[in-house]
Amino acid sequence: MRNAIILVFGVLMVSVAMTQPAHAYLDPGTGSYVFQVIAGAFFMIAVAVTTFKNVIINLFRRIFGKGGEQKKARRRDA
Amino acid sequence: MAIDGEEISSSFRDPSGFVFTRSGRIMRAIAEGYKKDFDLLVDSGLYEELVSKGLLVKHREKMESLPRGIYKIIKPDQIPFISYPYEWCFSQRKDAALLTLKIARIALKHGMVLKDASAYNIQFNGSSAVFIDTLSFEKYKEGQPWVAYRQFCQHFLAPLALAVYCDERLLRMMRIFTDGIPLDFASNLLPLRARMNPSLYVHIFLHAAAQKKYADRTQATGASAKFSLKMFEGMIQNLESIVSTLRLPATKTEWGDYYNNTNYRQSARKKKENIVERMIKEVGPKTVWDLGANDGTYSRLASRLGIETIAFDIDPVAVDKGYIETKGTDEKILFLIQDLTNPSPSRGWAEEERTSLSSRGPADLLLALALIHHLTISNNIPFHKIAEYFSKLGKYLIIEFVPKNDSKVQKLLATREDIFLSYNEEDFARSFEKYFKILEKEKVAGSKRIIYLMRSKSYKK
C-alpha cells in the first residue's frame with residue numbers, strides 16, 4: 001500500500017540536483033531528499049486546506065461572535 | 001598561529017567553524033569558507049530579526065589577530081547550563097521543535113536556509129529556548145529540498161509522535177540514538193492510529209519507506225522536478241501545524257500530586273522553607289542544583305534570589321509542569337529530567353561529545369530534600385556511596401535526613417523486608433562526614449525530619 005502511494009505521488013521520474021551547497025556538511029539522506037520533491041504537492045495541498053479551514057472558522061466566529069458580544073453589552077447596561 | 005583557547009569535544013562536524021573555550025567562556029571561530037554566508041546572515045537582516053525576537057543567541061565580534069583560515073571570532077551570550085534533548089521533558093522538546101521551524105521559516109524570508117535541524121542546536125537560558133548555532137545558516141538556492149529535513153524528522157517529529165502515541169519515556173531514547181530516532185524504527189513502534197493522521201503518515205511512514213527505497217541510489221534518472229519555495233514553505237508550515245497539535249495524554253504519576261500528599265502539615269512545611277532559605281543565603285551560591293526537585297518548591301527559593309537554578313527530577317510530569325509554569329518568566333530556573341541512580345553519562349564520538357552530568361558541575365550548592373530515603377531504601381544505595389557522589393557534584397549540600405519512623409519511609413518498607421539496619425541519623429552523619437564537613441543542622445519543628453548544611457571536602461572553600 002505504501003509503495004503504491006509513493007508510486008502514485010511519484011508518477012514523474014524525478015531527478016534531483018544532487019550538488020550540495022558549499023557548507024551543507026550534513027548528509028541529507030538520498031531518500032529524504034527525493035521524498036520531499038515527491039511529497040511537495042501534498043505540502044501545498046495541506047497548506048491550502050489549512051488556510052481554507054481557517055477562513056471558514058473565522059467566518060463563523062464573525063457571524064456568531066457578534067451576537068454574543070451584544071448580549072454581554074445588554075447585561076452591563078442593566 | 002593557533003587560536004588562543006581550548007577545543008571543545010563536541011564541535012568538529014561542521015567545517016563552517018568550531019566552538020572553543022577561553023578562560024571558561026564559550027567562543028566561536030568562523031572559517032574563511034563561511035565568510036559569504038555569515039556576511040549574508042548579517043546583511044540580509046536575518047541575524048537582527050532573530051536576535052531582536054530572542055530566537056537566536058546574540059554575539060559580539062572579538063577584535064584580535066586571526067590565524068590563517070579563520071574569518072572572525074565571535075563571543076556568544078553564555079548559556080548558564082548545557083542540557084541535552086534526552087534530559088528535556090515533552091514540552092521542552094516540542095518548544096525546541098517549534099523554535100527550529102520558526103527560524104527556518106524566517107530564514108527563508110531573508111533568502112537563507114537552515115543547513116541542519118539538530119536538537120543540539122537548541123539550549124535553554126533559564127526556561128527560554130534559544131538557538132545557539134549561529135553558523136547554521138546558508139544561502140537558499142531555489143529548487144533544492146531542505147537538506148535538514150531528515151534530521152528534523154528524526155530529532156523532533158518522530159520522538160514527539162512516539163511520546164504521544166506510545167509512551168513519553170521514549171523521549172529518553174535520544175541517549176541511545178544520538179542522531180535522533182531512525183524513521184523505520186519509529187514506524188515499527190508507532191501504532192496503527194498514528195497512520196490515520198495524514199501529516200504523520202507522510203513525514204514518518206512514507207518518508208521511512210522512501211528512505212528504504214532510495215537507500216542505495218546515488219542519483220535518480222529521468223525528467224527533473226524541483227522543490228519550489230512554495231513547496232518548502234508549505235512543508236515548514238505543515239510541520240509546524242502537526243508539531244503544535246501533538247499533546248501528551250493527561251497522565252498522573254506517583255509524583256504528580258506529591259506536595260498535596262506529603263506528611264507535612266502546612267506550618268511544618270513553611271518552617272522547612274524558612275530553614276532552607278536561610279541556609280541558601282548563608283552559602284551565597286552562584287549556582288544551585290535541586291536533586292529530586294519535584295514541583296520546584298525549594299528550587300524556587302533559590303531562583304527567586306536571582307541564583308541560576310537547575311531543578312532535576314525523575315518524574316517527567318513534574319518537570320513538564322515546572323517548565324510550563326516558569327516558561328517565559330525571567331526566573332533563572334530550568335527544570336530537567338534526571339534519574340540520579342542512572343545519571344546522564346558521556347555520549348557520542350570518543351565518549352566525549354555529550355558530557356556527563358558530573359562533568360557539567362560542580363554546582364556551588366546542592367539541595368537534596370526528601371530524597372535520601374528514596375535512594376537508600378528504594379534503590380539500596382548505602383549512605384557512604386551517596387555522600388561520595390554528592391561530594392563531587394556540589395561544593396555545598398543542604399540535605400534532609402528522613403528517619404525510619406517517618407510515614408513516607410514506613411510506606412516504602414510496607415511491602416519489603418527491613419534490611420536497613422544502619423538507616424539511622426548517627427550512621428547517616430558518620431557516612432557523610434567522610435566526604436563533607438557538617439556545618440549545622442536544624443530539626444523541622446512539627447515533623448521528625450532534620451535539615452543539614454554541609455561543605456564538600458573535595459573542593460577548597
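Proteins come first, then strands; the chains are lettered A, B, ... in the order of their sequence lines, and each starts at number 1. FYI, side chains are in, hydrogens and waters are out, and symmetry mates aren't considered; it's all heavy atoms of this structure.
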Checklist entry - In Å, rounded to the nearest 0.5 Å, how long is the span from CD1 of B/I236 to CD1 of B/I103? => result 11.5 Å
Checklist entry - Among B/K36, B/H203, B/K212, who wins on heavy-atom pairs under 4.5 Å with chain A? => result B/H203
Checklist entry - In terms of heavy-atom pairs under 4.5 Å with chain B, which of A/G31, A/A48, A/S32, A/G40 leads? => result A/S32
Checklist entry - chain A: which of B/A148, B/S199, B/G234 shares the most heavy-atom pairs with it under 4.5 Å? => result B/G234
Checklist outcome for this item: B/D133 meets the side-chain hydrogen bond (donor to acceptor under 3.5 Å, both in side chains) criterion, sequence neighbours left out, with B/R28
Next on the checklist: Does the Lys NZ or Arg CZ of B/R347 fall within the cation-pi geometry relative to B/Y84 - under 6.0 Å from the ring centre and within 45° of the axis?
Outcome noted: no
Next on the checklist: I need the B/I204 CD1 to B/H207 NE2 distance, nearest 0.5 Å.
Outcome noted: 10.0 Å
Next on the checklist: Can you tell me which of B/M235, B/R13, B/Q211 forms the most heavy-atom pairs within a distance under 4.5 Å of chain A?
Outcome noted: B/M235
Next on the checklist: Going by side-chain hydrogen bond (donor to acceptor under 3.5 Å, both in side chains), name the residues that satisfy it together with B/R105, two or more places apart in sequence or in a different chain.
Outcome noted: B/E240
Next on the checklist: Just so I understand: if I count every heavy-atom pair under 4.5 Å between each of B/F205, B/F232, B/W146 and chain A, which residue has the most?
Outcome noted: B/W146
